[in-house]
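Here's the structure we're looking at; comments come further down.
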Amino acid sequence: MKHISRRQFLGYSMKAGATTLFTGILAPSATSFFGYGGVAAAATKKVSPFTFAVLTDAHLYDIKDHKFDKFLEKAVADVNSLQPLPDLVLYAGDIGQSGKESELSKGKKILDKLTMPYKVIPGEHDYYLDLGKAWRGFFGDDHWSFDHKGVHFIGMNSILVPDFWTMAGLTPKERMGRMEELECHRCGLWGVGEKQLEWLAADVKKLGTDTPVIIMTHSPLWSYYPRWNFQTYDAPEINSILSKFEKVIAIHGHVHQVVYNQFGNTTSAGLLSTSWPWPYPPVDLPYPEYKMNRVDPGDFEDGLGSHKVAISSDFSGEVDYRAFSHLLPENVKRGLKM
Amino acid sequence: MNILTKQTYMRLSCVTAVTVTVLTIMLMTDAAAKSPRSDQQIAQERQALLEAVAKGDGLWHDGKLGTNGLACGNCHPDGSATNPHTWPKYQSNLGKVGTLREMINWCITVPMQGKPLAYDSTEMVAMETYATFAHRGVAIDPGKDEQHGAMPVAGGPGYPTH
Ligand SMILES: [Fe+2]
Ligand SMILES: [Fe+2]
């Protein structure tokens with residue numbers, strides 16, 4: 001299926017919005033009639049269970065028949081083979097490696113083979129050659145929201161850094177080169193920025209506190225390892241805007257690894273890439289039991305994979321890591337409870 | 001010492017004289033001397049090391065060692081997970097007890113599809129220097145089964161060297 005155009009997408013959200021409205025009116029009165037009452041009970045009535053898939057970090061190169069092309073194709077085929085088919089697919093950024101139009105168009109061609117609608121946010125590798133121009137041409141807005149089966153989905157562009165290139169007199173290619181290094185010494189911390197914070201506040205303003213919310217960003221909404229931008233500097237503001245909700249599920253790319261955290265009303269999971277895995281940074285993990293094993297560098301598929309997320313009627317979720325190779329310990333194989 | 005013959009005494013003083021002379025020459029030319037070194041000399045040596053680190057940082061990230069666009073830095077940010085302190089050790093991809101340099105060449109040729117570096121090339125030395133410098137202070141423990149994070153190295157092209 002084609003990437004959801006703005007038009008199609010609006011239609012899609014409106015349909016989904018109608019469903020929310022419908023259950024939104026009926027569910028609370030029904031529960032209060034039976035005397036269950038309470039916000040939580042109302043929330044449980046709102047979601048009709050469904051699954052969606054998540055892919056991320058393909059890092060496609062402008063090189064013909066590159067091995068990473070095959071890995072993204074494999075992940076897409078895997079998602080298309082799921083039974084039941086996921087309702088939709090989210091893509092968490094870094095489609096390309098150097099932000100080239102050729103990389104992004106190659107990525108879009110492969111993603112278009114998905115048989116369900118998909119939504120994308122940018123990663124730093126998609127963005128810093130032309131500051132998102134080509135990316136927006138292919139995928140539209142870099143932040144968006146829609147409703148699906150009672151869940152409010154939000155996607156945001158979390159990789160915006162203050163201008164480090166003008167003063168340094170860097171060419172676009174040099175700027176991209178700097179950003180391509182995870183440990184870039186002069187790129188600084190990134191976040192969503194003021195405009196998107198305002199947008200987010202407005203977006204969720206009218207939503208009831210019992211609305212189930214799923215938010216996707218490229219980088220984690222907690223301070224994991226700032227040196228590698230395993231962080232979003234204005235995550236505290238995002239979390240505070242979303243703090244009125246009973247429960248938020250956050251998923252993110254960028255870390256190329258299994259990582260899990262809980263904070264406030266939010267459960268957060270990091271995802272496997274389809275390019276290369278990253279070692280864990282030299283800090284303590286908040287949940288060290290959710291960790292992938294060391295990777296075999298001779299098996300190029302080790303540490304890569306796709307993801308299926310199942311959402312239940314009570315808005316409990318489960319992230320299933322569908323690793324291409326067998327690097328997952330048993331507890332992670334069973335899925336992360338969200 | 002009173003039992004020393006005159007002859008022995010003569011010979012001894014001769015040796016002493018030669019030794020003193022050699023030492024004096026060494027100190028004067030200070031080419032071969034290791035210690036004591038002047039502060040300036042120590043600073044120069046440090047600078048030479050940091051230049052090797054910077055060269056290694058460049059090679060680590062520019063992708064020129066491979067042919068498929070990948071660089072070591074893609075998969076080993078800050079040189080992490082190269083674990084220089086654990087080498088030499090048995091490494092299953094090498095299939096034998098090997099050295100850090102052998103593993104560097106393995107990663108150049110396998111995941112990056114590049115040509116191996118000569119073991120005594122300045123490039124190889126720079127690669128090893130970068131990885132090892134990123135693990136300064138970590139206790140040497142050959143064969144230790146550990147994936148170690150790395151310390152930031154601010155040395156690459158365009159970055160402030162400290
Ligand atoms: Fe990435
Ligand atoms: Fe990224």
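Listed options A/Tyr280, A/Trp228, A/Phe300 were ranked by heavy-atom pairs under 4.5 angstrom with chain B; first place goes to A/Trp228. Contacts with chain B were tallied for A/His256, A/Glu183, A/Lys67; A/Glu183 has the most, counting heavy-atom pairs under 4.5 Å. By number of non-hydrogen pairs under 4.5 angstrom with chain A, the leading residue of B/Gly69, B/Pro111, B/Pro77 is B/Pro77. If you tally non-hydrogen atom pairs under 4.5 Å between each of B/Ser80, B/Cys107, B/Ala71, B/Gly73 and chain A, the highest count goes to B/Ser80.
More than 12 heavy atoms of other residues, nucleotides or ligands shown are found within 6.0 angstrom of CD on A/Glu289. For CG of A/Asp163, the number of neighbouring non-hydrogen atoms (other residues, nucleotides, ligands) closer than 6.0 Å is greater than 12. Residue A/Glu101 places its CD atom among 12 or fewer non-hydrogen atoms of other residues, nucleotides or ligands, all under 6.0 Å distant. Within a 6.0 Å sphere centred on NZ of A/Lys333, heavy atoms belonging to other residues, nucleotides or ligands number more than 12.
Of the possible polar contacts, one joining the A/Trp276 side chain to the B/Asn74 backbone as a donor-acceptor pair under 3.5 Å is found. Side chain of A/Arg294 to backbone of B/Glu146: a donor-acceptor contact under 3.5 angstrom is found.
Using a 4.5 Å cut-off between heavy atoms, A/Pro297 contacts chain B through both its backbone and its side chain. When heavy atoms are compared at a cutoff of 4.5 Å, B/Asn93 approaches chain A solely by way of its side chain, counted from C-beta outward. Neither the backbone nor the side chain of A/Asp62 comes within less than 4.5 Å of any heavy atom in chain B.
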request  = Show your reasoning for whether side-chain hydrogen bond (donor to acceptor under 3.5 Å, both in side chains) applies to B/His61 and A/Glu180.
outcome  = CA-CA 9 Å; B/His61 292 101; A/Glu180 276 182 59; over 6 Å; no

ask   = After noting the C-alpha distance and the side-chain angles of B/Leu70 and A/Tyr61, does the key distance pass the side chain to side chain contact (heavy atoms under 4.5 Å, CB included) rule?
value = CA-CA 9 Å; B/Leu70 300 194; A/Tyr61 280 83; 3.3 Å; yes

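Once rounded to the nearest 0.5 Å, the distance linking CD of B/Gln147 with CG of A/Asn293 reads 10.5 Å.
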